[in-house]
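Taking it in order: structure first as structure tokens, then the write-up.
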Amino acid sequence: MPEILGEYVDRAVNIEMRFGAGLPRGVTHKLYDAARAHHGKPLTWLAASSLKARIKRGDHVLVVTGAGSWPWLPKGETDGPLGAAAIARALDFGLGAKCVVLAEERNLAPVIACVEAAGLVSADRALFDARTGAAFIQAFPLGLEAGRAEAQRIIDELKPTAMVFVEKAGPNQHGIFHSILGTGRPDTMMANAHCLVEIAKAEGILTVGIGDGGNEIGFGLVAEAVREIQPFGAVCKCPCQGGVATVIGTDVLVSAAVSNWGAYGIAAMIAALVGDPDVLHDADAEARMLVDCVRAGGMDGAVARLLPMVDGTSAQTQTSLITILHEIIRNGLKTFNRPF
Ligand SMILES: [Zn+2]
């Protein structure tokens, strides 16, 4: 039934509102079209229904985030932690999954703040194992070698059935990570979360990537389109000259105007699929998540300031989007017969 709701959830989370200069403008609808052409289905519906089909109650799911780096964004961005928290809540409340949330150590404080504001307990391992409604949040190490080892360790230990990446940078063909504005970042500065994807592919674990630029894990599915669409897609500003497009693809890619919004879209579609709008957090929770994220050090990535904004969009826009998504789901689940 809710596939048609996915059409409109996809549209709601793909309204670009960018400054005249700064983050590239006029690109997100093109990235969406490329991802949509690849999958041939509404992206948020496809991600939500794939997760619902795969996850059984009690399964472990990895939710991975963390963007931005020292010195400009020392504790990361507001884009990522809120989306990861919304996904963890939806997977727990809606599907009974047990979510392990991963990010760089430096980015953990805003992630913990968002997860708690979204309504989940940030638990130690014993409490996480003992109860539902809790997430286990841990650091993923920097660097390729450490990333490979930790990815294998986590997967061997938790045997996750799915992984969701929210605004998580992936490397280009030379193994270099990039900001969307073409700046190169060596693997030693980043959690090499794509190591999780490589093992997931070999072991048949479902992977979902959510992004808004083309440099995030997932966009490898449409890397050629990213190279054409993004100003620094094919040629970056760093010595590698390989462009910002990542080569890391996922089973499902959700492209949105802001990565958090793509995550909210998936959460909304999980809510629709299980028939419970409360699976998607409400506007009050969204307001708390953003304030708590900023208070914990999460910065707006567009203006690089400690302000309650996400990629240059206001707090009111975040809560308004949640209101719109709730309306789509609530009305979509309702039947009303006019009495004449
Ligand atoms: Zn480069």
Side-chain angles (χ1 to χ4, degrees), residues 18-19 21-28 30-32 34-35 38 64-77 79-80 102-107 140-148 150-151 165-198 201 207 209-250 253 255-256 258-259 299-304 311-312:
R18 293 201 174 165
F19 304 132
L23 293 181
R25 184 162 73 171
V27 295
T28 56
K30 295 177 185 169
L31 294 171
Y32 174 82
H38 177 88
V64 190
T65 191
S69 48
W70 191 89
W72 308 110
L73 301 159
K75 294 183 182 179
E77 293 189 26
D79 194 16
L102 305 170
E104 290 86 355
E105 178 96 48
R106 64 176 182 263
N107 293 329
F140 195 89
L142 306 182
L144 184 57
E145 268 186 46
R148 276 204 183 114
E150 180 66 0
F165 299 85
V166 189
E167 179 75 3
K168 194 68 202 146
N172 71 2
Q173 68 273 30
H174 302 311
I176 306 292
F177 298 79
H178 294 82
S179 80
I180 204 60
L181 295 171
T183 316
R185 289 175 183 145
D187 69 84
T188 49
M189 203 188 263
M190 317 287 289
N192 285 231
H194 62 288
C195 298
L196 291 161
V197 179
E198 285 162 1
K201 279 192 177 141
T207 54
I210 307 166
D212 59 18
N215 54 339
E216 304 94 349
I217 287 175
F219 273 98
L221 286 186
V222 294
E224 268 317 302
V226 176
R227 293 170 68 81
E228 285 168 24
I229 293 165
Q230 276 292 0
F232 299 99
V235 183
C236 51
K237 290 192 285 196
C238 94
C240 91
Q241 290 296 290
V244 306
T246 184
V247 292
I248 307 298
T250 44
L253 166 65
S255 183
V258 174
S259 296
M299 282 193 199
D300 178 290
V303 301
D311 285 359

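The residues of the chain are indexed from 1 along the displayed sequence. Read the numbers this way: they start at 1 and go in the same order the structure lists the ligands and their atoms. Computed over heavy atoms, backbone and side chain alike; hydrogens, waters and symmetry mates excluded.
Among pairs with a residue in residues 209-235, those fulfilling salt bridge (charged side-chain N to carboxylate O under 4.0 Å, His left out) read Glu224-Arg227, at least two apart in sequence or across chains.
Taking all atoms of both residues into account, the shortest heavy-atom contact from Pro74 to Met299 is CD-CE, 4.0 Å. Taking both residues in full, the closest heavy atoms of Ile180 and Pro24 are given as CG2-CD, 3.9 Å, listed atom of the first, atom of the second, then distance. Nearest heavy-atom pair, Ala35 versus Ser255, reported as atom, atom and distance to 0.1 Å: CB-CB, 4.1 Å. Nearest heavy-atom pair, Leu23 versus Ala302, reported as atom, atom and distance to 0.1 Å: CD1-CB, 3.9 Å.
Considering Thr65, Leu102, Asn107, Val64 as possible partners of Phe140, the one that fulfils the side-chain contact (heavy atoms from CB on, under 4.5 Å) test is Leu102.
With waters neither drawn nor counted, the protein N/O/S atoms under 2.8 Å from the Zn ion (ligand 1) amount to 4.
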